[in-house]
Amino acid sequence: MTKTALITGVTGQDGAYLSKFLLDKGYEVHGLLRRSASADVIDSRLKWLGVNDKVQFHDGNLTDLSGLIRVLQDVKPDEIYNLAAQSFVKSSWQQPLLTGGVTGMGAANMLEATRIAAPEARFYQASSSEMYGLIQEPVQSETTPFYPRSPYAAAKLYAHWMTVNYRESFGLHASSGILFNHESPLRGIEFVTRKITDGVARIKLGLAEDISLGNLDATRDWGHARDYVQAMWLMLQQDIADDYVIATGRTTSVRDFCKLAFAHVGLNMEDYVTVNERFLRPAEVDVLLGDASKAKQKLGWAAETTLEMLVSEMVEADLKRLSRHEHL
Ligand code: NAP
Ligand code: G4F
């Protein structure tokens, strides 16, 4: 029997990869679409993956509970993936209340709408390694205490505990995926990996002279979004809902990510990268390194894409995109 999924954040990086993954599995895929004046570009990621006309869109916003209830009543999903958020950490200091409202309360709205209108549906919450913040253990697992360092992380932590709470209080099949950073050619241009690969491609093509970055010493456990959406789905196929860390188990500095990206086109990063205070944060998450052994043992999941593969795929995609004057 065909399964039905509803994805919030369907126009984002993960929403696009998850849509493709579920459509390939034979799902009927519905997406929540927030109203935008830029309607002509809003489905550009789905288009890039060739699935924009296979997803059924529904107007809605995470901040509007009654609208969410109506969408759930219409769609009657078997699975709900709550991926929508104000997801850019740096912006969360400029817009702390909006971030709390969308990323925190928005998730609570989705849980509440599910409880009211689709209590039998399985629910996935997009939690984040950013919740570990000022890390309390050198390698972070499901049992590592959280220490959020940004309004974004505090909002995600609220959403995470609300997910656990709705599971324990109301018996919802609600799982929380604590995903470490995952990237792809569809990553937003404001995030550091894509900013670097786009910059490298511009420099190589003679369209730019340098890249201005912030903290080069921060390290992240970077994987590929395509691998990570599989883990989301696997969580919802389990009999019992639970929380899982999803990570590669390797951490790399922003500086070393840069070196790899420049090396891919035969250039040295030292000749092109400058540091600008503008890109520093009021509080930094210095290191993230995940232990995904629970996901490996219980879900049979492990990251397939190495950092080298990810960097080369992203640089190549940006070279192609810029050569064709395409934008994303
Ligand atoms: P993304 O590319 O920034 O996508 C965010 C999505 O949320 C977009 O579709 C956006 O719509 C939508 N959205 C924003 N505000 C909304 C609102 N008020 N109502 C409805 N939709 C709204 O994020 P991503 O990288 O795909 O990440 C997916 C989720 O995983 C996010 O919750 C993020 O915080 C979390 N996460 C990401 C990572 C990572 O490394 N990528 C790691 C851990 C957790 P528009 O297109 O209209 O802007
Ligand atoms: O790419 P970033 O902006 O990602 P960040 O802050 O780690 O957040 C991402 O991953 C989280 C999972 O841990 C998600 F929850 C969240 O939604 C998002 O997807 O920054 C990565 C690192 C930071 O330490 C930052 O200070 O790169 C450093 N950095 C150095 N220069 C920069 C820059 N970040 C950005 N965005 N721009 C720079 O110029």
Side-chain angles (χ1 to χ4, degrees), residues 3-19 22 27-36 55-88 92 95 97-128 130-131 151-179 228-229 231-233 235-236 238 241-244 246:
K3 277 195 183 177
T4 301
L6 174 72
I7 302 173
T8 75
V10 74
T11 53
Q13 169 189 260
D14 292 6
Y17 278 104
L18 181 62
S19 295
L22 294 175
Y27 276 63
E28 185 179 304
V29 176
H30 297 253
L32 189 79
L33 198 66
R34 65 168 167 165
R35 199 265 155 188
S36 164
V55 174
Q56 300 176 46
F57 297 111
H58 302 262
D59 286 342
N61 194 299
L62 275 205
T63 58
D64 180 18
L65 176 62
S66 59
L68 297 176
I69 292 172
R70 268 194 295 275
V71 171
L72 289 184
Q73 285 168 338
D74 285 353
V75 173
K76 300 184 182 54
D78 299 298
E79 296 174 10
I80 299 167
Y81 295 87
N82 184 39
L83 310 186
Q86 191 302 94
S87 77
F88 187 39
S92 75
Q95 305 180 69
L97 302 183
L98 177 126
T99 304
V102 175
T103 305
M105 281 294 286
N109 282 337
M110 270 314 288
L111 284 161
E112 190 60 1
T114 301
R115 178 184 161 212
I116 294 167
E120 300 304 321
R122 296 186 172 194
F123 187 98
Y124 173 84
Q125 169 58 22
S127 285
S128 166
E130 185 72 12
M131 300 187 307
Y152 167 82
K156 278 288 180 192
L157 195 51
Y158 169 69
H160 173 73
W161 281 117
M162 285 297 277
T163 304
V164 175
N165 185 263
Y166 268 53
R167 179 169 75 220
E168 293 176 355
S169 305
F170 304 120
L172 286 194
H173 190 294
S175 293
S176 178
I178 307 173
L179 271 51
Y228 284 39
V229 298
M232 297 175 187
W233 176 77
M235 284 178 218
L236 298 205
Q238 306 308 303
D242 204 347
D243 307 322
Y244 296 90
I246 300 299

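Just so you know, these numbers use all the heavy atoms, side chains as well, and skip hydrogens, waters and symmetry mates. We're numbering straight along the sequence, starting at 1.
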Rounded to the nearest 0.5 Å, what's the gap from CG on Leu18 to CD on Gln13? Could you check? 11.5 Å

Please report the closest heavy-atom contact between Ile246 and Ala231, naming both atoms and the distance. CD1-CB, 3.5 Å

Rounded at 0.5 Å granularity, tell me how far CZ in Phe170 sits from CG in Asn165. 7.0 Å

Heavy-atom pair of closest approach, residues Ala126 and Lys156: O-NZ, 2.7 Å

Rounded to the nearest 0.5 angstrom, the CH2-CE distance for Trp161 and Met131 is 8.5 Å

Smallest heavy-atom separation, Pro77 atom then Ala121 atom, equals O-CB, 3.4 Å

Sub-4.5 Å side-chain heavy-atom contact between Thr63 and Met105: no

Between Arg35 and Asp59, is a side chain to side chain contact (heavy atoms under 4.5 Å, CB included) present by the stated rule, with each step listed? CA-CA 7 Å; Arg35 199 265 155 188; Asp59 286 342; 5.9 Å; no

Could you measure the distance from the CZ atom of Arg115 to the CD1 atom of Ile69? Nearest 0.5 Å is fine. 10.5 Å

Gln73 and Lys76: which non-hydrogen atoms are nearest, and at how many Å? O-NZ, 3.1 Å

Ring pair (Phe, Tyr, Trp, His ring centres under 6.0 Å) partners of Tyr152, counting only residues at least two apart: none

Could you pull out the closest heavy-atom pair between Gly104 and Ala159, with the gap in Å? O-CB, 4.3 Å

Spell out, as yes or no, whether a donor-acceptor pair under 3.5 Å connects the side chain of Thr8 to the backbone of Leu83. yes

Any donor and acceptor pair, going by atom type alone, linking the side chain of Asn61 with main-chain N or O of Arg34 inside 3.5 Å? no

Under 3.5 Å, is there a donor-acceptor pair between the side chain of Arg122 and the main chain of Gln238? yes

What distance separates Tyr17 OH from Met232 CE, expressed to the nearest 0.5 Å? 12.5 Å

Show the numbers, then the answer: is there a side chain to side chain contact (heavy atoms under 4.5 Å, CB included) between Leu32 and Val10? CA-CA 6 Å; Leu32 189 79; Val10 74; 6.0 Å; no

Please report the interatomic distance OH(Tyr81) to CG(Leu6), rounded to the nearest 0.5 Å. 11.0 Å

Residue pair Leu22, Trp233: steps toward the side chain to side chain contact (heavy atoms under 4.5 Å, CB included) verdict: CA-CA 8 Å; Leu22 294 175; Trp233 176 77; 3.6 Å; yes

Is it true that a side-chain atom of Asn109 and a backbone atom of Leu62 form a donor plus acceptor pair closer than 3.5 Å? yes

Any side-chain heavy-atom pair of Phe123 and Leu111 under 4.5 Å: yes

Between the main-chain N or O of Gln86 and the side-chain N or O of Thr99, is there a donor-acceptor pair closer than 3.5 Å? no

Evaluate side chain to side chain contact (heavy atoms under 4.5 Å, CB included) for Asn82 paired with Thr114, printing each intermediate quantity in order. CA-CA 11 Å; Asn82 184 39; Thr114 301; over 6 Å; no

Counting only heavy atoms not in Met162, do more than 12 fall under 6.0 Å of its CE? yes

Does any donor atom in the side chain of Glu28 or His30 lie under 3.5 Å from an acceptor atom in the other side chain? yes

State whether the side chain of His160 and the backbone N or O of Ser128 hold a donor-acceptor pair below 3.5 Å, judged by distance alone. no

Which heavy atom of Ser175 sits nearest a heavy atom of Arg167, and at what distance? CA-NH1, 4.1 Å

